[in-house]
Protein chains: 2
Amino acid sequence: MEPVSTDDVTAFRRFNRYFTRRIGVLDDHYLGQDRPLGEARLLYEIAGSEAGVSLRDLRGRLGLDAGYLSRMVRTLQAQGMVRLGVHPDDSRLRTVEPTPAGRAEVEEQNRRAGALTAGLLQGLAPDQRRELTEALATAQRLLRLAGITVERVDGHAPDARACLDAYAADLDARFPEGFDKSDLVGPEEVSGDAGAFFVAYEEGRPVGCGALRRLEPGVGEIKHVWVDPGARRLGLARRLLDALEGEAAARGLTVVRLDTHAVLTEAQAMYQACGYTEIPAYTDHVYAGHWFEKRLGSGPESRR
Amino acid sequence: MEPVSTDDVTAFRRFNRYFTRRIGVLDDHYLGQDRPLGEARLLYEIAGSEAGVSLRDLRGRLGLDAGYLSRMVRTLQAQGMVRLGVHPDDSRLRTVEPTPAGRAEVEEQNRRAGALTAGLLQGLAPDQRRELTEALATAQRLLRLAGITVERVDGHAPDARACLDAYAADLDARFPEGFDKSDLVGPEEVSGDAGAFFVAYEEGRPVGCGALRRLEPGVGEIKHVWVDPGARRLGLARRLLDALEGEAAARGLTVVRLDTHAVLTEAQAMYQACGYTEIPAYTDHVYAGHWFEKRLGSGPESRR
DNA sequence: ATATTTCTTTGACTTTAGTCAAAGGAAATG
DNA sequence: CATTTCCTTTGACTAAAGTCAAAGAAATAT
């Protein structure tokens, strides 16, 4: 893996310092106008999630001490900003939800913050605003991608199954003929000697997966490459492929194959961009309409 | 002035939230590992400026209460991180400078922050790192520009004179024959009916200027458009020109002219890009090598 | 069914951050 | 040279942020 150039690091740190100084501070400042910052943040978080949130969740998300959180929630409750309840499934957990008043306050804060931002952008010409918006979108996309880790997990792991379920639901919606879950590989097919399973995590949540399976001596098959709709267009599928190919190479496989459904045109384009070439059918798989192959370890990768 | 689209505002706010959550927080966190955040920031600021800094300066830069600052500085002194002295020119002022130990601590923090950043960027391919760096640079450039205000000031104002001094020094260094300060317009030539003077401010500091002078009935002259070296390549000169032309139009002038030295090729390109056309000499000014003119109020601006 | 773990609440703290006013020395102003 | 302004220090506070441990209720594991 290439080392990170110090120029990139300095540029990043320079931006970071500039941005948090100039913008981040502002944002925090308006937030905590009528109440302590911690409380404002908490209310914002509570109002952000439509249904009720559990205190346990909030604690995790905001990284707060249990006692501290408990007290702040009480304060908000006393002010009529939130309502407390008991979790229906587990009565140890308490849930919080915003009252109309709480929602209104957050709305008002959003309005003010929006006005602040608009004031800032006012200093730019329209085309410069567009340029800024695009640059920020690019940066955010890449930052998200950088924060996602791809990890090998056991085929039986709950995260693995969760991803496959989501994958199956996705395909069922996209294939004209639907998709039957029983067609997924079993956990034992992607564990141990038989294969491997990778899950991509973003801030602890699984947002993508991919499986590798031994097909015949020297040949592997890649299956079930899936990316959560919320994490698409980041370049994550490529990273999953990288991981799968790396694993295949480490197992001494020289060729990987895969098949894909005719309707998944963007997937086909992606495979081709990653160095896969279309080959004749190597399976008579129900859903397969196109077959691809890539020879591994043949010098430099064709990276976009 | 065009209204800011809500899309741009939302995109900006989304980035802001994402960035401060994911990155900004990190940065603060490592900073305040061994000492309170405020103290760490203060030490960072002190170590950042090579020579000693005055407390007055620090107070301005960090926006701290005088008493609060005084105490924090004492704490740092007691820990051997900084040395206190009296300002040579004004013994009401105190100066602070980092000791070797203080410098070392900041160095160590920088090292750690750098490692953190490198770890983050590690998740990206080299070309994606470059893309990110570029996007951040663009964003920072535009944010800086958005934060700069152009204000009309009196020709006698200290900020106006400071800009003109810097401008003169700049020209003196660039012109082969040097530049004589006595050639600058006098304060009364850019005040009241005779003309106007604009200063660009970035976070309270003057970073650019431009003057407008009545030349003859219906015709104005733009002079001394200057941008601080630290604020170049942002598009600030254009904004200064916009302000000057707006002022000229408001005064009923229909034409503005300007002259420029032969060596200032980038200025000439900029004038042309802003709708100025070269004309024959209208002065026999010593330093002038090219003359330009623009007719005002003729429909839509040619914006880049 | 008993023990263990999980989750929230409460009490009792500490640290950090920040404010305000008084006071004294030094420079600038008239 | 008297007055005003500027800058720092000190004392006396307050509010916010955060920590830790004990305790009780509910769920899970054995």
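For clarity, every value in this text was computed on a predicted model and none was experimentally measured. In what follows, chains are A, B, ... by sequence order, proteins preceding strands, each numbered from 1.
- Set against C:dT8, D:dA16, C:dA27, the side chain of A:P36 has D:dA16 as its closest nucleotide.
- With sequence neighbours left out, the ring pair (Phe, Tyr, Trp, His ring centres under 6.0 Å) criterion links A:F15 to A:F19, B:F19.
- Here the side chain of B:A66 is nearest to one of D:dT19, D:dT8, C:dT9, namely D:dT8.
- Of the candidate nucleotides D:dT9, D:dC7, C:dT8, D:dT9 has the atom nearest to the side chain of B:S70.
- Pairs passing the side chain to side chain donor-acceptor pair (under 3.5 Å) check and including a residue from residues 62-74 of chain A, sequence neighbours excluded, do not occur.
- As a whole-Å value, the separation of A:Y68 OH from C:dT16 P is 15 Å.
- Distances from the side chain of B:R92 to the nucleotides C:dC7, D:dT8, C:dA28 place C:dA28 closest.
- One finds a side-chain N or O of A:S91 lying less than 4.0 angstrom from the OP1 or OP2 phosphate oxygen of D:dA27.
- Rounded to an integer number of Å, the gap from NE2 of B:H87 to C1' of C:dA28 is 16 Å.
- Here the CG atom belonging to B:N16 is positioned 10.0 Å from the OG1 atom belonging to A:T20, to the nearest 0.5 angstrom.
- When rounded to the nearest whole Å, the span between CG of A:L64 and C1' of D:dT19 equals 12 Å.
- Using a 4.0 Å cut-off between a side-chain N of Lys or Arg and a carboxylate O of Asp or Glu, B:R205 and B:E202 do not qualify as a salt bridge.
- Contact annotation for B:G67: base contact, defined as any heavy-atom pair under 4.0 Å involving a base atom.
- Note: CG (B:L62) to C1' (C:dG18) measures 14 Å, nearest angstrom.
- Within the 4.0 Å cut-off from OP1 or OP2 of D:dT8, not a single side-chain nitrogen or oxygen of B:R94 is found.
- Remark: P of D:dT9 and CG of B:L69 are 8 Å apart, rounded to the nearest angstrom.
- In terms of position on DNA chain D, the residue among A:D89 and B:D65 whose nearest nucleotide sits closer to the 5' end is B:D65.
- For C:dG11, the base has a donor-acceptor partner in the side chain of A:R71 [N/O atoms by modelled type, under 3.5 angstrom].
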(request) For the pair A:Y18 and A:R13, evaluate side chain to side chain donor-acceptor pair (under 3.5 Å) and give the outcome as yes or no after the intermediate values. (result) CA-CA 8 Å; A:Y18 181 79; A:R13 296 235 298 140; over 6 Å; no
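- Between D:dG18, D:dC7, C:dT8, one nucleotide has an atom nearer to the side chain of B:L93 than all others, and that is D:dC7.
- Between the P atom of C:dC7 and the CG atom of A:L84 lies a distance of 17 Å, rounded to the nearest Å.
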